[in-house]
Amino acid sequence: MMLTRDGIAWRIARDLREGDYVNLGVGIPVLVSNYLDRTQEIFLHSENGILGVGPRPARDEIDLDLISAGKGFCTLAPGAALFDQPLSFTMMRGGHLTHAVLGAIEVAENGDFANWSVPGEAVPGVGGAMDLAVGAKNIFIAMSHVTNKGAPKLVASCSSPLTARARVRRIFTDIAVIDRTEAGFVLREVMPGHDPDSIRAKTGAALSVAPDCHEMTVPEASAKGVALIRHD
Amino acid sequence: MMLTRDGIAWRIARDLREGDYVNLGVGIPVLVSNYLDRTQEIFLHSENGILGVGPRPARDEIDLDLISAGKGFCTLAPGAALFDQPLSFTMMRGGHLTHAVLGAIEVAENGDFANWSVPGEAVPGVGGAMDLAVGAKNIFIAMSHVTNKGAPKLVASCSSPLTARARVRRIFTDIAVIDRTEAGFVLREVMPGHDPDSIRAKTGAALSVAPDCHEMTVPEASAKGVALIRHD
Amino acid sequence: MIDKTVQSCREAVAQVFDGASIMLGGFGNVGMPAQLIEALREQGSRDLTLISNGAGTGPYALGALVGDGRVRKVIASFPSPSAAEFRTRYLAGEIELELVPQGTLVERIRAGGCGLGGFYTPTAAGTDLAAGKETRVIDGQEYLLELPLKADFAFLKAHWGDRLGNLMYRGTMRNFNTVMATAAITVVAEVDRLVAVGEIPPDAVHTPGIFVDRLVCVERHPKVVELPREASAT
Amino acid sequence: MIDKTVQSCREAVAQVFDGASIMLGGFGNVGMPAQLIEALREQGSRDLTLISNGAGTGPYALGALVGDGRVRKVIASFPSPSAAEFRTRYLAGEIELELVPQGTLVERIRAGGCGLGGFYTPTAAGTDLAAGKETRVIDGQEYLLELPLKADFAFLKAHWGDRLGNLMYRGTMRNFNTVMATAAITVVAEVDRLVAVGEIPPDAVHTPGIFVDRLVCVERHPKVVELPREASAT
């Protein structure tokens, strides 16, 4: 049993708390916004100058001047603030965001990670990834546990170009939740059908097991019917 | 015949042009605002966050939240902008102000000047003087030609603590207007009753004379009756 | 009376010269001075260096300018996959890219505008983008030395402007515009509406007129007011 | 529901400890958190380091705090002649002064708040205030290396605030408040009016709530709303 991309996003949302200020990167991370507990006030930051990104607008509610970092139209949450790039990066690099949730190609056991230089992509682009990576209080990584070809993405040492050194706090994959500590990777949660040994087999670095490591309990689908679990 | 403090301010105002952005320091410089050509738009900058300082308010017009750098209440001119200290010093240090008009204790022929450390004052204060000094496009100095004791204030080399090096463009004194050039001090205007030799006698550095050096023509008093000229 | 307005985008960009460096505001289409960029295409200067977050969002304005082959170099953080014109020119080796992390790009422009000589940032330390850069350990952390960026021109997009050059933005238009306004020799703004002096309250002036040399009021570029077939997600 | 408001200034400053560093907003009396400072006087912490543009404007709030003898050091640009309490303590050798040019003070606080390791400024190069500082010539100009400033606390004064910590200033209140909001571990604001979430339009939020930990709504200190006998000049 594995988490879908939405399932990973759902699980990450469970780790966010009222009062958190969070930047969600492209890919799986941005899906987290669909699974936030709407009874709690969690502020989403967008690097292009929003604190308090709201849901996407209906077509007739679109404001052409209001987009989020992914370039899609957005709305503002109650209590939102608009500002310019210098203040936005003050938040990002200055240690003010509670969490940055980012995708990754690789995460190393020392907390290094790589996400900006996509293999096979000849035109490089980095955006605000490196600023978030050095600046957010906690770096959460959302990614599949292994590549399409089955190679581990949690590794002893990154071979892809680094985004930042030694900054990853927690990794959420399709089969596990793993902390990155001073002592390396620590398994905290596994999906049903997996166990520490099977996770280790898919992990390219040493993996210890937390005393309270347990199985995740995830619903089959979200309230809106989006599948959170795959059974392949 | 000598200029009063208001007379020096009056003369400086003649050198300001429509569209100039000007910071006026404490002392004689701030008096310049009383002699601006009101038919022309000249924007006064105040380091605490105003571009477009207006006249002082009548007592019943005072806004307690609106003061200028001298800590006195002020108004805003049409088209004024309010901002914070980072943007204010972007204007100052970043080369955006057309002129800073500052008082000085000494000006050296290489353009160094000293104005922040007052002799006999045991508690030092510098404020924004050094930022203006390095940043404004033109530094205009307003001061008496000699000290109370008759010592020259235009000198070969400053003995007082410097505010900035090699930044002074023009000096307006009670008896002369002098440019500071790569070739040193150049006399441009003299008050009636003075001539290059008498000015040289009161100047502590070499003083050349501009080909078009001429006598100033200054009214006895301003439109409001403030004396611009002293005959002592 | 100060009047910084000009009547056409053509006039607004007339002074651009071959080899000029130009900062372009905008993040995506929002805050991008699309009409000024189109005027620049017509104006025809060559060998331009562009400083911008991206390298175009489609075959118009910035994308088209790059496609015209008159851009020698782009300094950007994210020449996105939708910048097809840039992609083609870049892969053909016809255009140089200086890739700068976005926060570093912002801060280098700010340093240029506020008179600083450089700064130390932790961003990109230990990565490939630190190649060739001076490093320094301060208080136990490694930083890169980054130098200021200035330009010959900055093209901005604002919502309201007055004849003094005061600008006000809306939504996420501020992005790079406010800081680029401080860092170029000649600053030109495209605005949606020209308002009387005083209509922008002093507290709501985002870019004070001191930073702006010229502004032009023009309808938005048709491509940037076109709604996508389907509104895309956040 | 997030609620950063507290009911009293006493509660707002309760966490200050002996030896703490505290940034204080304000330029003159405008934007000075006078009620928080009075509460700090009552709270009684000692050996404080204050970071502020000045050192007081009279025998109340900041001036009185300095006069109380609980301040060990002041980092300021202009401890003005009206700061009689500071003057007395300073001349008696009871208080240390780190004199910083105002623009450098602003930029050091900003660097602290935005995660930079330091910067090069031309301000004060070649002057007595460059003593002991590392210098560097960049592009033919001499600069001083300046390091970031952070603090344990920042006390701000704003006009409006909401329970999320969003702040709006008026007039010249912004001054150091916006930047100090970014550079302290615990940020406390004194506001004239507590408004509902949304009453401050998103475009008018000067300090977003992310920077603010606590705020208290209180009448202004009687001394700072007292009109002078005669309105002083600009």
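Each chain gets a letter, A, B and so on, in the order its sequence line appears, and its residues count up from 1. Values in this document were obtained by computation on a predicted structure and should not be read as measured data. All values below come from the heavy atoms of this structure, side chains included, with hydrogens, waters and symmetry mates left out.
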Could you tell me which non-hydrogen atom of [X] sits nearest to which non-hydrogen atom of [Y], and how far apart they are?
X	Y	value
D:T123	B:V134	OG1-CG2, 3.6 Å
D:N175	B:N48	CB-O, 4.2 Å
D:L91	B:A122	CD2-CB, 3.5 Å

[X] versus chain B, heavy atoms under 4.5 Å apart: side chain, backbone, both or neither?
X	value
D:V225	both
D:Y90	side chain
D:L97	side chain

Can a donor-acceptor pair be found, under 3.5 Å and without considering hydrogens, that links the side chain of B:D131 to the backbone of D:G103?
yes

Within the distance-only criterion (no hydrogens, no angle test), does the side chain of D:R174 pair as donor or acceptor with the backbone N or O of B:L82 below 3.5 angstrom?
yes

Just wondering, do [Y] and [X] contact through their side chains at under 4.5 Å, heavy atoms?
X	Y	value
D:Y169	B:D84	no
B:W116	D:L99	yes
B:V126	D:L129	yes
D:T127	B:P161	no
B:I62	D:L227	yes

To the closest 0.5 Å, what do you measure between [atom1] ([X]) and [atom2] ([Y])?
X	Y	atom1	atom2	result
B:L66	D:M173	CG	CE	11.5 Å
B:M130	D:Q102	CE	CD	13.0 Å
B:K71	D:F27	NZ	CZ	4.0 Å

Among residues 65-78 of chain D, which residues come closer than 4.5 Å to chain B, judged by heavy atom distances?
D:S77, D:F78

Among B:G127, B:A114, B:G49, B:G125, the residue with the most heavy-atom pairs under 4.5 Å to chain D is B:G127

Counting heavy-atom pairs closer than 4.5 Å to chain D, which one of B:V123, B:L162, B:T163 comes out on top?
B:V123

Proximal component of [X], with respect to chain D [non-hydrogen, under 4.5 Å]:
X	answer
B:D63	side chain
B:I50	side chain
B:S117	neither

Would you list the atom pairs, donor with acceptor, under 3.5 Å between side chains in residues 55-62 of chain D and any protein atom, with sequence neighbours excluded?
from  : atom 1 : to    : atom 2 : distance (Å)
D:T57 : OG1    : D:N29 : OD1    : 2.7
D:T57 : OG1    : D:Y60 : OH     : 3.1
D:Y60 : OH     : D:N29 : OD1    : 3.1
D:Y60 : OH     : D:N29 : ND2    : 2.8

By salt bridge (Lys or Arg N to Asp or Glu O under 4.0 Å), which residues pair with B:R11, not counting sequence neighbours?
B:D15, B:E189

Please say whether more than 12 non-hydrogen atoms of neighbouring residues, nucleotides or ligands are located less than 6.0 Å from CD in B:E121.
yes

Other residues, nucleotides and ligands only: do more than 12 of their heavy atoms fall within 6.0 Å of CZ on B:R14?
yes

Pairwise salt bridge (Lys or Arg N to Asp or Glu O under 4.0 Å) hits with a residue in residues 109-136 of chain D, at least two apart:
C:E107-D:R110, C:E134-D:R136, C:R136-D:E134, D:K133-D:E146

